[in-house]
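Structure first, commentary second.
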Amino acid sequence: MNAHLKSNAQDVWTQVLPHFHVGGLGIEIRAALSGAKVVSALKENRWDVHHFYQTLVSEKCTLSALLNPLSSRVKLSTSSGGLRPTSTW
């Protein structure tokens, strides 16, 4: 997977899944194998689209893995001079 994503030690993974979830564990393993950093984008252990966006920007995240229920709730708009989350959940 890292070869397909061209992931390396300069990448920053955004973690939005719990570590006990296979997807969350997969992020940790892929990051460890490539030497990438992992930052949590959960707010008080829960999904929050605005916190997710703030984490993407502040941590300069390059990779993330979202499940369909999460990704379907994220809509980014460029109408105000930059990306802004427009979905609430």
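Scope of the values below: all heavy atoms of this structure, side chains included, with no hydrogens, waters or symmetry mates.
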**Request:** To the nearest 0.5 angstrom, please state how far the OG atom of Ser40 sits from the CH2 atom of Trp13.
**Result:** 14.5 Å
**Item:** Gap between atom CZ of Phe52 and atom OG1 of Thr14 - 0.5 Å precision
**Value:** 5.5 Å
**Prompt:** Just how far is it from atom OH of Tyr53 to atom CG of Asp48, taken to the nearest 0.5 Å?
**Reply:** 13.5 Å
**Complete:** Heavy-atom nearest pair, Ala65 first then Arg30, reads CB-NH2, 4.3 Å
**Distance, nearest 0.5 Å, that separates NZ of Lys43 from CZ of Arg46** = 11.5 Å
**Asked** Is it true that a side-chain atom of Gln15 and a backbone atom of Gly24 form a donor plus acceptor pair closer than 3.5 Å?
**Response** yes
**Request:** Quick one: pull up CG in Leu17 and CG in Leu42 and give me the separation to the nearest 0.5 Å.
**Result:** 7.5 Å
**Request:** Could I get the full list of side chain to side chain contact (heavy atoms under 4.5 Å, CB included) partners for Leu25, not counting sequence neighbours?
**Result:** Ile29
**Request:** Mind checking salt bridge (charged side-chain N to carboxylate O under 4.0 Å, His left out) for Glu59 and listing every partner two or more places apart, or none if nothing turns up?
**Result:** Lys37
**Request:** Starting at SG of Cys61, measure out to CG of Asp11 and round the result to the nearest 0.5 Å.
**Result:** 10.0 Å
**Connected hydrophobic set around Val12, excluding itself, where side chains approach under 4.5 Å** = Val39
**Prompt:** Can you name the side chain to side chain contact (heavy atoms under 4.5 Å, CB included) partners of Ser34, sequence neighbours left out?
**Reply:** Asn2, Ser7, Ala36
**Where at least one partner belongs to residues 12-29, residue pairs that pass salt bridge (charged side-chain N to carboxylate O under 4.0 Å, His left out), sequence neighbours excluded** = none
